[in-house]
Amino acid sequence: MEFVVPALLIAVALIAVVTLAKSVRIVPQQRQDVVERLGRYKRTLNPGLNILVPFIDAVRTKVDMREQVVSFPPQPVITSDNLVVSIDTVLYFKVVDSVRATYEISNFLQAIEQLTVTTLRNVIGSLDLERALTSREEINRHLSGVLDETTGRWGIKVTRVEIKAIEPPPSIRDSMEKQMRAERDRRAAILNAEGHKQSQILSAEGEKQAAVLRADGDRQARILQAEGQAKAIRTVFDAIHQANPSQKVLAYQYLQALPQIANGTANKVWIVPTELTRALEGMGGALGGLGQMVGDAPSKEASDDASAVEREAAEAAQAAQATGGNSPQGLPAPEPVSPAALLNDTSDQRERG
């Protein structure tokens, strides 16, 4: 008897502790517990402290009310042009009704996965590969609409569906890469051709403008040069008329220009103008009257030089006669001839001819 009483006390205490543990339930935030009483749904426990009837009430499921993310494995899908592509999808959903999520379907996550795969195959099957690769937003909206409509009766809200990757077969990827490379090469060639064309156009425009500017500069230079020559001729002409040169000066200048006229290698025939006779006569008269013209008389040094030349010629003739012996006699020194006499003789010869 001594051991029976303590054992009973211990058993009662254990029963009390277990009963207290069964009757008190603490639910964390963003979770709901579905409670059944004798196998039937009784109530839903909200976050906080809740009291249950021990050994009668039991928690069926603990439902997480937060938004969840599920990534489904790649699924093979056939496009409308009979190409098999592998598509990865990501699903965002949240439980809005824990009771229906518990009792309407046994495993809502597996149901959502299968529904996503079948809907994705229906959508991709109506598109070709190129459109499927460029229509992700359209596919996402269609999947979201179908899944949200179907999972609504399960107490599930599908917030978003994203296609993570669309992988075509390796052969198709190689063909697409070659096509894109060819397209890039074509665009690069077009851009290079356009650049070369623009460069040629700009070069031609530059050459045109340069030629126009050079021609305009040459024209301006020729105009300025012609104006300068005209001004120089006008200045010389005015200076000559203002100086009023005599006939003797003009005849002398004419005679100085004759050697330059006859100096050309192509001058085979020399045409003497009729004015030359009058010019030579005027020149002869000018040279004959040198001694009588004021300011035109020969200088004393020039007369002394001419006398010295005559004396040297006479002495040379006498020396030749003195040393002759049987040798022929030397010729006497010629008498000096004035330039006026030479000019007069030339004029007489031309008149006789």
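For L109, the CG atom is densely surrounded, since the number of other residues' heavy atoms within 6.0 Å is greater than 12. By the 6.0 Å contact criterion, CD on Q110 is open, its count of non-hydrogen atoms from other residues, nucleotides or ligands being 12 or less. Crowding of E183 atom CD: a count of heavy atoms from other residues, nucleotides or ligands under 6.0 Å exceeding 12. Heavy-atom neighbours of Q220 CD from other residues, nucleotides or ligands within 6.0 Å: above the threshold of 12. Annotation for R66: atom CZ does not count as buried by contact number, only 12 or fewer foreign heavy atoms lying within 6.0 Å.
The same ILVMFWY cluster, assembled from side-chain heavy atoms under 4.5 Å apart, contains both V35 and V27. Note on V123 and V90: separate hydrophobic clusters, where clusters join Ile, Leu, Val, Met, Phe, Trp and Tyr whose side-chain heavy atoms are under 4.5 Å apart, directly or indirectly. With hydrophobic clusters built from ILVMFWY side chains whose heavy atoms lie under 4.5 angstrom apart, I87 shares a cluster with L133. Under a hydrophobic clustering in which Ile, Leu, Val, Met, Phe, Trp and Tyr are joined whenever their side-chain heavy atoms come within less than 4.5 Å, directly or via other members, V117 and V158 fall into different clusters. Side-chain heavy atoms closer than 4.5 Å link hydrophobic residues (I, L, V, M, F, W, Y) into clusters, and following such links, even through other members, never connects I26 to L45.
Between K164 and S71 the shortest side-chain heavy-atom distance falls below 4.5 Å.
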Derivation and outcome, side-chain contact (heavy atoms from CB on, under 4.5 Å), residues V146 and N122: CA-CA 11 Å; V146 173; N122 292 332; over 6 Å; no
side-chain contact (heavy atoms from CB on, under 4.5 Å) assessment of L52 paired with R43: CA-CA 10 Å; L52 301 177; R43 61 180 178 138; 3.3 Å; yes
CA sep, side-chain torsions, deciding dist, call: K231, E227, salt bridge (charged side-chain N to carboxylate O under 4.0 Å, His left out): CA-CA 6 Å; K231 187 175 180 180; E227 290 178 354; over 6 Å; no
Criterion side-chain contact (heavy atoms from CB on, under 4.5 Å) on F108 and T151, from CA distance to verdict: CA-CA 8 Å; F108 63 85; T151 58; over 6 Å; no
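Here the straight-line distance linking atom CD1 of I10 with atom CD1 of I15 works out to 12.0 Å at 0.5 Å rounding. The line from CD of E177 to CZ of R184 is 8.5 Å long, rounded to the nearest 0.5 Å. The distance from the CD1 atom of I56 to the CG atom of L38 is 6.0 Å, given to the nearest 0.5 Å. Atom OG1 of residue T119 and atom NE2 of residue H142 lie 7.0 Å apart, to the nearest 0.5 angstrom. One finds the CD atom of Q200 at 5.5 Å from the OG atom of S203 (value rounded to the nearest 0.5 Å). Interatomic distance, CD of E137 versus CD1 of I139, reported as 10.0 Å (0.5 Å rounding).
Contact record, I163 with R136: O-NH1, 3.8 Å, taken as the closest heavy-atom pair. Contact between T79 and L127 at its shortest, heavy atoms only, is CB-O, 3.4 Å. Closest heavy-atom contact between I156 and V96: N-CG2, 4.3 Å. Taking both residues in full, the closest heavy atoms of V95 and M65 are given as O-CE, 3.0 Å, listed atom of the first, atom of the second, then distance. When all heavy atoms are compared, the tightest approach of V85 to L129 is CG1-CD1, 3.6 Å. Between P54 and S23, the shortest heavy-atom distance links the atoms CD-CB, 3.9 Å.
The side-chain hydrogen bond (donor to acceptor under 3.5 Å, both in side chains) test applied to R222 returns D218, not counting sequence neighbours. Under the rule for a side-chain hydrogen bond (donor to acceptor under 3.5 Å, both in side chains), the partners of R31 that lie at least two apart in sequence or sit in another chain are D33. Shown here are the side-chain hydrogen bond (donor to acceptor under 3.5 Å, both in side chains) partners of T235, two or more places apart in sequence or in another chain: there are none. Taking R219 as the reference, D216 meet the side-chain hydrogen bond (donor to acceptor under 3.5 Å, both in side chains) condition, with sequence neighbours excluded.
Panel note: side chain T118, backbone L115; a donor-acceptor pair is recorded below 3.5 Å. Side chain of D148 to backbone of S144: no donor-acceptor contact under 3.5 angstrom is found. Of the possible donor and acceptor atoms, none in the side chain of S199 sits under 3.5 Å from a partner among the backbone N and O of G195.
Residue pairs that meet the salt bridge (charged side-chain N to carboxylate O under 4.0 Å, His left out) test with at least one member in residues 117-134, sequence neighbours left out, are R131-E138. Legend: side-chain hydrogen bond (donor to acceptor under 3.5 Å, both in side chains) pairs involving residues 90-107, not counting sequence neighbours, sorted by first then second residue: Q32-S98, E36-Y103, T61-T102, D97-R100.
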